[in-house]
Amino acid sequence: MLGSMIALTVALLSGAVAAQTPPLPLRPEQATWFSPPAVPALKAAWLVGSEQAAGPYLLRVRLAAGGRFPPHTHPDTRYTTVLSGTLYVGFGERVDETAVVAVPTGAIYEAPAGVPHWVWARDGDVEYQESGVAPTATRLLR
């Protein structure tokens, strides 16, 4: 009985120590940022995971004022959270500025797998974060 109590106490204490370990922040400024050659107004960084490694990922994106990412698709469903600014999103194989949805700071939109869409920083700089499950890719339609 005493052995069981000691084992339980050790287990509880080791859990308490583990619970007190502070999380390590993921800082975007420490990430490796890149720009696709076809879209110089866009900068992106993989914060968690990558395109090739199976598993969840987080991709941070900065789109400069007036910048657009042309119609494209992804093989996985992506969820995009707008962190600052307003991101304008259009669905379809062609850019139609009259058929966009404004996604404001704090809002999320879903881009289903294989569905063509495009984005635009119409009103100013936009920062957003995309998440999904890799492997993934971005396929331009042009």
Side-chain angles (χ1 to χ4, degrees), residues 3-142:
S4 297
M5 290 179 67
I6 291 172
L8 178 60
T9 301
V10 168
L12 290 173
L13 288 176
S14 63
V17 170
Q20 293 176 0
T21 302
L24 295 175
L26 300 171
R27 298 185 182 276
E29 63 271 11
Q30 295 171 333
T32 301
W33 290 82
F34 63 93
S35 289
V39 189
L42 185 138
K43 293 188 180 348
W46 294 98
L47 300 181
V48 173
S50 70
E51 279 188 311
Q52 297 82 22
Y57 63 82
L58 290 175
L59 178 68
R60 183 67 59 92
V61 181
R62 294 176 179 153
L63 188 57
R68 296 179 195 223
F69 198 93
H72 62 282
T73 63
H74 309 288
D76 61 312
T77 296
R78 287 196 179 186
Y79 298 93
T80 299
T81 304
V82 177
L83 303 173
S84 65
T86 298
L87 185 66
Y88 290 83
V89 181
F91 284 87
E93 295 182 6
R94 299 191 193 288
V95 171
D96 179 356
E97 293 179 4
T98 66
V100 293
V101 174
V103 183
T105 299
I108 299 170
Y109 80 91
E110 175 184 341
V115 174
H117 61 286
W118 58 279
V119 297
W120 180 20
R122 184 177 83 179
D123 299 336
D125 294 346
V126 179
E127 187 163 349
Y128 57 95
Q129 187 163 285
E130 296 184 342
S131 62
V133 179
T136 187
T138 299
R139 295 185 182 99
L140 294 175
L141 297 182
R142 298 179 199 196

Taking only residues two or more places apart in sequence or in another chain, which ones pass ring pair (Phe, Tyr, Trp, His ring centres under 6.0 Å) with Tyr79? none
Residues which pass side chain to side chain contact (heavy atoms under 4.5 Å, CB included) with Leu58, listed by chain and number, not counting sequence neighbours: Leu47, Val48, Gln129, Ser131
Restricting to pairs with a member in residues 33-44, which pass side chain to side chain donor-acceptor pair (under 3.5 Å), not counting sequence neighbours? none
Quick one, Pro70 and Val95 - any side-chain contact, counting heavy atoms below 4.5 Å? no
I'd like to check the side chain to side chain contact (heavy atoms under 4.5 Å, CB included) partners of Pro112; sequence neighbours left out, ordered by chain and number. Phe91, Glu110, Val115
Spatial distance of atom CG (Leu59) from atom OH (Tyr128) [nearest 0.5 Å]: 8.0 Å
Evaluate the side-chain proximity of Trp118 to Pro71: yes if any heavy-atom separation is below 4.5 Å, no if none is. yes
Drop me the distance from Leu141's CG to His72's NE2, to the nearest 0.5 angstrom. 8.5 Å
Donor-acceptor pair, distance only, cut-off 3.5 Å: does the side chain of Thr77 make one with the backbone of Ala113? yes
Using the side chain to side chain contact (heavy atoms under 4.5 Å, CB included) criterion, which residues pair with Ala64? Sequence neighbours excluded. Ala41, Asp125
Tyr57 meets the ring pair (Phe, Tyr, Trp, His ring centres under 6.0 Å) criterion, sequence neighbours left out, with Trp46
Specify the closest pair of heavy atoms between Gly85 and Val82, including all atoms of both residues, with the distance to one decimal. O-CG1, 3.4 Å
Heavy-atom closest contact (Val126 atom, Ala121 atom, distance): CG2-CB, 3.7 Å
Any side-chain heavy atom of Trp120 within less than 4.5 Å of one from Leu63? no
With sequence neighbours excluded, tell me which residues meet salt bridge (charged side-chain N to carboxylate O under 4.0 Å, His left out) with Glu127. Arg60, Arg62
For Thr136, side-chain hydrogen bond (donor to acceptor under 3.5 Å, both in side chains) partners two or more places apart: Asp76, Arg78
Please check if the side chain of His74 supplies one atom and the backbone of Ala137 the other of a donor-acceptor pair under 3.5 Å. yes
Contacts of Tyr88 meeting ring pair (Phe, Tyr, Trp, His ring centres under 6.0 Å) (sequence neighbours excluded), chain-then-number -> none
Closest non-hydrogen atoms of Ala53 and Ala134, given as atom of the first, atom of the second and distance, are O-CB, 3.1 Å
Would you please name every residue forming a side-chain hydrogen bond (donor to acceptor under 3.5 Å, both in side chains) with Ser84, sequence neighbours left out? none
Can you pull out every side chain to side chain donor-acceptor pair (under 3.5 Å) where at least one residue sits in residues 91-109? Sequence neighbours excluded, please. Arg68-Glu97, Asp96-Thr98
